[in-house]
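To keep things clear, I will list the structure first and then write my remarks on it.
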Amino acid sequence: MMAPLLKYGAFGAETSLVVAFVLGLGFGFALERAGFGSARKLVSQFYLDDLAVFKVMFTAIVTAMLGVTYLSWMGLLDLSRVYLVPTFLAPQIVGGLLLGIGFVIGGYCPGTALAATATGRFDGLVYGLGLYAGTVAFAEAFPLVKPLYEATPMGQTTIPRYFHLPYGLVVFAVVLMALGGFAGAGWVEKKMAARKDAASRQRTAEA
Amino acid sequence: MLKFIRTLSTNQRLAALALVLGVVAIPATPAGSGRATISAREMTWLMSRGADRVDPRTLADWIIQGRSDYRLIDLRDAAAFAAGPRIPTAENIPVAALEDAGLAPDEKILLVAADGARAAQAWFLLTAQGYTGVAIVRGGIRGWTEDVLYPNVDGMSAAARARAEAVSAHFGGSARMGGGAAIPLPPSLSQAAVPPPPPSATKAAPRKKREGC
């Protein structure tokens, strides 16, 4: 059996909806278990006192990357059939910044807003509604945005392909980046906790 | 060794596992399946939709816009490719070398050849192997020469004519009127003794990098 299962015809389009639903439940469960159903937890990322978002997301990236690498290495996954979102460098940088701003202001990203709504958080619901309103506004304003939207098309490219690097070497480099990132995140968290401690001690002393 | 592992936290053990898997993966290359499955229905659908062709004028627009989300493959042998005319941004990959050319099955691949049969063969080979975005440049090199470099502007509206002239000038060609046989084709494309194309025809537009921004 060769993956991607849908593209090799292991199941049809209807079944793929069921699979997507199950995967979505799993994703939402993982987000909630990581504490990402709470805007407080998410926003602490930007105050640098809790880097769980960074650590969870990077762990997910490394886990998925190693899984995909080994599965395709063993011939169980045809990586060439896996859909890649085409790269449009300039609009994606602008979009990333916009998403980041929305993340800081609203305390959620799209996925976590839905997870928060599911657990009955009102702010998550509001964020989700804003998300859909923004989507509609974008669609209506599309003719205005189109020049930026279509700028700098680079096709469906990947880091190994773009920089002509061996695939496995990039995998190894990303693992190293993650491990370095985790160590760095731990260090930052300790620093911030110490700072907070000092500040609260000072306040008690003043009182 | 075991003692040392016991002293590690779960997180540290997982990190060590990731590191080991990362090191082992260094020589990994994602395996292409190598299998070719032909879906007659899918191919027919692609053909009926017209997604298997690209008009040379459309390609000219893409080149002028500086789009880099496609790969233009010139299937002629090296000598014919060197003799020109060449389409800017084209890479010379003969059919025999397509397998090892490092094409990605999901990128937009445009094929251009001296004759339609060769381009169709390459289209079939690639599409059967799961390359999803393959298209043939309509008319091949001759189509490029006749529709873009030296377009016949007879009977065109003024606007269309101005456009065709601008595009042709961009690539160093010139528009022509009537059925004049003034298309300077190289001997490889035309048996008639016609003057060679002006040197600017193939050099006017700088060869752009395949990828990048």
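Each chain gets a letter, A, B and so on, in the order the sequences are listed, and its residues count up from 1.
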Which heavy atom in [X] sits nearest to a heavy atom in [Y], and how many Å separate them?
| X | Y | result |
| --- | --- | --- |
| B/Gly22 | A/Val175 | CA-CG2, 4.0 Å |
| A/Tyr70 | B/Leu21 | OH-O, 2.6 Å |
| B/Val24 | A/Trp73 | O-CH2, 3.5 Å |
| B/Ser68 | A/Pro153 | OG-O, 2.8 Å |

For chain A, which residues from residues 2-19 of chain B have at least one heavy atom closer than 4.5 Å to it?
->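 Listed by number: B/Ala15, B/Ala18, B/Leu19.
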Quick one: CD on B/Gln65 to CD on A/Glu150, what's the gap to the nearest 0.5 Å?
-> 8.5 Å
Nearest-0.5 Å distance that lies between atom CG in B/Asp69 and atom OG1 in A/Thr152 =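 Interatomic distance, B/Asp69 CG to A/Thr152 OG1, rounded to 0.5 Å: 10.0 Å.
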Would one find more than 12 heavy atoms of other residues, nucleotides or ligands at under 6.0 Å from atom [atom1] of [X]?
| X | atom1 | answer |
| --- | --- | --- |
| B/Ile26 | CD1 | yes |
| A/Phe58 | CZ | yes |
| A/Arg121 | CZ | yes |
| A/Phe138 | CZ | yes |
| A/Phe29 | CZ | no |

Contact class of [X] relative to chain B, heavy atoms under 4.5 angstrom:
| X | answer |
| --- | --- |
| A/Leu169 | both |
| A/Leu71 | neither |
| A/Phe182 | neither |
| A/Val82 | backbone |

